[in-house]
S.K.: 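Here you go, one structure.
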Amino acid sequence: MFEAVLLTVITAATPLLIAAVGELVVERSGVLNLGVEGMMIMGAVVGFAVANQTGSGSLGVVAAIVAGMAMSALFGFLVLILVTNQVASGLALTILGLGLSGMIGEAFIGVPGLRLPELYIPVLSEIPFVGPVFFQQDALVYVSFLLVGAVSYMLFKTRAGLILRAVGDNHVSAHALGYSVVRVRFMATLFGGACAGLAGAYMSLAYTPQWVENMTAGRGWIALALVVFASWLPFRVVAGAYLFGAVTVLTFHAQAQGLGIPSQFLSSLPYLATIAVLVLISANRRLTLVNTPACLGKPFVPDR
Amino acid sequence: MAGEEHRAAASVRSETGMLLDARGLTKRFGDILANDRVDLAINKGEIHALLGENGAGKSTLVKMFYGSLEPDAGTISWQGKPVSINSPAEARALGIGMVFQHFSLFEALSVVENIALALSDAGDMKALARRIEEVSTDYGLPLDPNSIVADLPVGIRQRIEIVRCLLQEPQLIIMDEPTSVLTPQEADRLFLTLQRLASEGCAVLYISHRLEEVQRICHHATILRHGQFVSECDPSKETPASLARMMVGTEVVGVSLGAHQATGGTVRLGLSNLSAKASTPFATELRNINLNVRAGEVIAIAGVAGNGQGELFDAISGEMRVDNDMVRFDDVACGHKGVNWRRRKNAAFVPEERLGHGAVPGLKLSENIVLTRHSTRDGLTGAGFVSTTKAGELEQRIKKNYDVRMSHDDPEARSLSGGNLQKFVVGRELDRKPGVLVVNQPTWGVDAGAAALIRQALIDLAREGSAVLVISQDLDEIFEIADRIAVISRGYLSEPEDAHTMTRERIGLLMAGGAEENAGAA
């Protein structure tokens, strides 16, 4: 029983984690992309459609990543090249994604989907309890953890990460030092789009292997909120995503037990719990301030 | 003509080893010719001053040397070879480093990360940290490589920029007004470092409008006015007055202090035990500040930036609420009251940041007048409506009395140059003849002529019976206008002392922490 609960927690948390880690990189570079929901749903529908047509889950995942990147490239072009308002462009991207995915997905409603296979890690998956929970997952769960580690390493241990943080902290100085602010931000935006697309693929190929219109159901927005409440720190995003996943699953079980708590309260519980805990862990204001990208959402126009 | 002699002198100098030779550099921004055929030559191992008023084109010129601007015309030779410097990275590769006036540091990053970003090949961070420690100690500018910039005071931040330049082993360091953020003692230490660099053969291009320090440390000077080359000279052979004349083009009129009659005046602005916790991790806590500003006097508060000046201003203006008795205007407690309430009590405030804080960039000047004066007795509002006629009249009056120059009538605040906008925001409050005036950095970024006008107006206001409190980082300005001087350091305010007996050395000691022992009853 407990094993099964843990398994569902992991599947509920993984799409949030992937999308949030991508958005974290975008925001660290100083770009605020509110279109995560739109990019995710596009990843979900394109991933499902390609997997359905080709019969290959891997191709579906790749196509979902490409779809997310294409959406983010559009966003990047608007806000970085044409210097449009980031908030408005992000909202528009979400609306575009929701509408477009509904149109593409029309033919796939009710079509049985393809589930990504589970990868059993040799030896480790044999460990009682731990094995089935952590080492008999589908590939994207492992990818999500590798992603967090890689992003954290890249941001804080490599020169590329240093430049990315510098651009997000003070784009005028970064430009004065000779770094291309727009290029760094474009790359970060594309990475964020790829992650959102991947998170979408997880929704339609692993979480619930089918296509339902609007199936991301606000997870893109949760991912955005997680990034802020996690003070732009990758490992805090893991904590937030898993907490959210855990409370979501627990409320399902609570409802199933018929505890007499109003269901509206139960369904708001994951949000309340996540916000409460992340506010508590970000109580260290100095740490939060140092990690907040100072140029977040600010347009940059080079003076030459 | 005198210019011919200067040219002859330059050609003699050039034989000793010309490092950088710029000829006819021209740069145009829209209608404005920021640099008009400017010549400048720097020798190896020379501390070369670049003098000029604000807007004379100094920053534009050095940005072309540093590759952040592209000249429209003219040539730059580096060690005898013509070069085109297309980016700061290319400038650094040639051996040109720059220390910016408004620092180009990344606040959220550590010292070593900041420096690594400027090096094309930073290598291992631990090794770099060790090198930073070595070089900084060696040049008398010690740094802790792992501290976060946001936690460091301004003087240390400048060290980071200097050490960042030194690590690139430059042959020319450009410094843009480096002493404007330093205490006199810190400035002395900087001068020692510069002289050592020069003796090692590194040239320094030193931008400043402080004539005393230019005379003290610079071997040679180039003077710009209105974007044009005026002359070059050996500053040690000139007097401050002759240098100022070359910069401004006319005699600079000194400020006349008038009779000081403060001793018996009533207290118009009183601060008692003013304390306030820091509102953000990077703000300064105000600690038990006591000060009485009397009718008829100008009190100046000196201090290095970031020592609580902004917080003190906010507490007095009402942007930050404190205990009611901590701030009193004409003996009425108002620590709980807002800005407009205090304005109605005949107080006026000019904040440091003129665009965004002192004036709304996108609003017309007349609208900006309404914003600070709607609740005072100026008749700008009635029955809930704004009198645009009256606002327009005030705008015309301020424009005329404070010499605010604008291209067309009643423009948006953001279209004014920094100096003109400063004249406007100071003039807007002076025009009211307030009983208490608090000004943070009254002449920051204003040219010498306009600065003299603003300073004279502040003194005149005080002599008419108002109390004037000036917060400034410019010691020359403070000595020019203040009757009494206090120093703020880490949120402590020293007891104000008579300006005639106060010395720069004493201010420096107070800035370096002496204010804390000296804080007490005013």
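Sequence lines set the chain letters: A, B, ... in the order given, protein chains first and strands last, and positions in each chain run from 1. Side chains are part of it too, since the values below use all heavy atoms of this structure and drop only hydrogens, waters and symmetry mates.
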S.K.: Any side-chain heavy atom of B:H357 within less than 4.5 Å of one from B:P351?
M.R.: yes

S.K.: Taking side-chain contact (heavy atoms from CB on, under 4.5 Å) as the test, write out the residues that go with B:V135, two or more places apart.
M.R.: B:Y139, B:L166, B:L167

S.K.: Would you say that B:L25 contacts B:L61 through its side chain, given a criterion of any heavy-atom pair below 4.5 Å between the two side chains?
M.R.: yes

S.K.: With a 4.5 angstrom heavy-atom cut-off, which part of B:I148 approaches chain A: side chain, backbone, both or neither?
M.R.: side chain

S.K.: So for A:A294, is it side chain, backbone, both, or neither that comes closer than 4.5 Å to the heavy atoms of chain B?
M.R.: neither

S.K.: Can you classify the ring geometry of A:H171 versus A:F300 as parallel (below 30°), tilted (30 to 60°) or perpendicular (above 60°)?
M.R.: tilted

S.K.: Quick one: of A:V172, A:L177, A:I163, who has the most non-hydrogen atom pairs under 4.5 Å with chain B?
M.R.: A:L177

